[in-house]
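Reading through the structure tokens given below for one structure.
We name chains A, B, ... by the order of the sequence lines, and we start the count at 1 in each one.
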Protein chains: 4
Amino acid sequence: MIKIDPNDGTPIYLQIVRQIKYMIASGAIREDDELPPVRVLAQQLVINPNTVAKAYRELEFQGLIYTRPGAGTYVAKRRILFSDEERLRIIQEKIESLIVEAQNLNFTLEELAKIFNERLTKIYKQQTEEKGNERD
Amino acid sequence: MIKIDPNDGTPIYLQIVRQIKYMIASGAIREDDELPPVRVLAQQLVINPNTVAKAYRELEFQGLIYTRPGAGTYVAKRRILFSDEERLRIIQEKIESLIVEAQNLNFTLEELAKIFNERLTKIYKQQTEEKGNERD
Amino acid sequence: MIKIDPNDGTPIYLQIVRQIKYMIASGAIREDDELPPVRVLAQQLVINPNTVAKAYRELEFQGLIYTRPGAGTYVAKRRILFSDEERLRIIQEKIESLIVEAQNLNFTLEELAKIFNERLTKIYKQQTEEKGNERD
Amino acid sequence: MIKIDPNDGTPIYLQIVRQIKYMIASGAIREDDELPPVRVLAQQLVINPNTVAKAYRELEFQGLIYTRPGAGTYVAKRRILFSDEERLRIIQEKIESLIVEAQNLNFTLEELAKIFNERLTKIYKQQTEEKGNERD
DNA sequence: GTGGTCTAGACCACA
DNA sequence: GTGGTCTAGACCACG
């Protein structure tokens, strides 16, 4: 499920973090699902177990997973770990980066707004559909 | 218009390389346009001049810019232009990443849209004001 | 300044974390003060640099210090990183532990309250004195 | 009345050992008092019975408890009693640690006092109620 | 010279 | 068998 690109430039452990974040956000893995054991994932990706452990630690810090030592690693329940100021700070940083990149790529602000809001609407529809299905 | 994210994981000099590359490849800056001097950019971004110098060296090595010793640094002739599909693909990837981050921070899609559009509007106003001032 | 007890039972890196937390809380080290470099502290304590790095990473997680790669590690400005729910959860856990330990040690709740409030009052007086001195 | 803190850093079995030791050394439990069966305590603390068993083994090795096979586990004769100074020293160390934690989480001393005393009052009421019921 | 990443490999606590 | 800690030691990014 997870793929490492050694030439990516970003550290391996962050590549793992990013991909697991995607899986959690998209609902591909859910609360209390078990993640692959450190050693197993390390063997699959042909990297050192410590590197996987580091990725898991980072995710645990962000409140997305939890580990029960001796048992395994699991997807955590959604909860608000950081203060509102902190959450806002983090997301505004990312927004800032996105806008700058868009301008570097010669998009106007209007174009960016359009692409962004379209994507958001699409996801919104998907999620309301899923909720509808769950109710069935 | 370059933005550094210290938590990105990618080295600062590569963040600069990427962003300038995008500006060139998307036509945001053009042949023989002058890049900001190393020291000026370093001061703007609050980073070490060596780091900026390294980015410029890398870009020169890739043939995207050239330096005229004692004069300045300029965008080179040989340019690779992104297709519109390429530009769209890149920006959509970034948007995707922003949305994932927001969801894992427990922002709703509505909250994200609100924060994003507010920021965009603010920048839009700033830029139209600046243009107004330029005309004076 | 920092002392390691190999027979303590608690991991070395947590012993470091705890002691630095004390230094920060007591004002022994303050905002923007530099911590000893990883390698230096490791050599002093005769432990592996990675272990010190792990302690520093943990403190950075908790928002108590920040690192500028290539430069050094510094005491961070006080700020509220975690949500109120999270902060309350953490401190209530500790209070719970304290109360249980007190009962195990055959203190009555009244005795515990007395000892605790006396200690708190003492610190409170100290801190108001210090503020007074700073104003001079 | 044992409490496990998974984030403490010290192994669970040692947390149990320490707390039972305190109960014995402070007279909270006495010679020939029965300890809870391994399985019962494990269920209460939501941990593995092996972990409790290991703690009991360690306490037996230290001569603080003895087991009568098929019957139960009891507090041994040979007891080391803490002096009042010792008890006070231990609990003050814990209080110190709680205050440091609270300050680093940006609680004021007043807030800490309030949370602490509220919790204490609540437990006090519970315990007097229980005694009332016992009398019935 | 500073911190960051990664590997290889050992040992421990715990289920 | 699972995660956690620690060591030794290499290489890189950055100031």
- Any C/K54 side-chain N or O less than 4.0 Å from OP1/OP2 of F/dT5: yes
- Item | Which nucleotides of DNA chain F pair, in dot-bracket form (Watson-Crick or G-U under 3.5 Å, | meaning another strand) | ||||||||||||||.
- Quick one: the side chain of A/R39 and the base of F/dG3, do they pair up donor-acceptor inside 3.5 Å? yes
- Message: For C/E34 and D/I12, find the nucleotide of DNA chain E closest to each by heavy atoms; which residue's nucleotide sits nearer the 5' end?
- Response: C/E34
- Task: Determine whether more than 12 heavy atoms belonging to other residues, nucleotides or ligands lie under 6.0 Å from atom CZ of B/R39.
- Result: no
- Task: Calculate the interatomic distance between B/D8 atom CG and F/dC14 atom C1'; express it in whole Å.
- Result: 16 Å
- Message: Need to verify one output field. Residue with the more 5' nearest nucleotide on DNA chain E, C/V40 or D/P11?
- Response: C/V40
- Query: With no hydrogens and no angle check, do the side chains of C/Y22 and D/N104 hold a donor and an acceptor under 3.5 Å apart?
  - Reply: no
- Task: State, yes or no, whether a side-chain contact exists between C/R18 and C/D8 at a heavy-atom distance under 4.5 Å.
- Result: yes
- Hey, which of these two, B/T10 or D/G9, hits DNA chain F nearer its 5' end, going by closest nucleotide? D/G9
- Task: Inspect the contact between A/E93 and A/R89 and indicate whether a charged nitrogen and a carboxylate oxygen are less than 4.0 angstrom apart.
- Result: no
- Task: Could you tell me which non-hydrogen atom of C/A55 sits nearest to which non-hydrogen atom of C/Y13, and how far apart they are?
- Result: CB-O, 3.5 Å
- Task: Quick one: list whatever passes side-chain hydrogen bond (donor to acceptor under 3.5 Å, both in side chains) with B/E60, sequence neighbours left out.
- Result: B/T67
- Where along residues 43-53 of chain A does a heavy atom fall under 4.0 Å from DNA chain E? A/I47, A/N48, A/N50, A/T51
- Task: Respond yes when some side-chain nitrogen or oxygen of B/Y13 is under 4.0 Å from OP1 or OP2 of F/dC14, and no when none is.
- Result: no
- So which of residues 58-74 of chain A are in contact with DNA chain E, with a heavy-atom cut-off of under 4.0 Å? A/P69, A/G70
- Nearest-angstrom distance from the residue atom CD1 of A/I16 to C1' of E/dT5: 12 Å
- Qualifying ring pair (Phe, Tyr, Trp, His ring centres under 6.0 Å) pairs, either residue in residues 23-61 of chain C, two or more places apart: A/F61-C/F61
- Query: So does D/Q43 have more than 12 non-hydrogen atoms from other groups sitting under 6.0 Å from CD?
  - Reply: no
- Item | Verdict with supporting geometry, B/K3 and A/E101, side chain to side chain contact (heavy atoms under 4.5 Å, CB included) | CA-CA 8 Å; B/K3 179 155 181 60; A/E101 289 280 19; over 6 Å; no
- Message: Quick one about A/Q92 and A/E96 (side-chain donor to acceptor, distance below 3.5 Å, no hydrogens or angles considered), yes or no?
- Response: no
- Message: Just the rounded figure in Å: distance from P of F/dC6 to CZ of C/R57.
- Response: 12 Å
- Round to a whole Å and report the spacing from CD1 of D/I4 to C1' of E/dC14. 13 Å
- For C/L41 and F/dT7, what is the distance between atoms CG and C1' respectively, to the nearest whole Å? 16 Å
- Judged by modelled atom types alone, do D/E58 and D/Q62 share a side-chain donor-acceptor pair under 3.5 Å? yes
- Item | Sequence-distant partners of D/F107, ring pair (Phe, Tyr, Trp, His ring centres under 6.0 Å), two or more places apart | none
- Item | Between E/dG4 (P) and A/L14 (CG): distance, integer Å | 12 Å
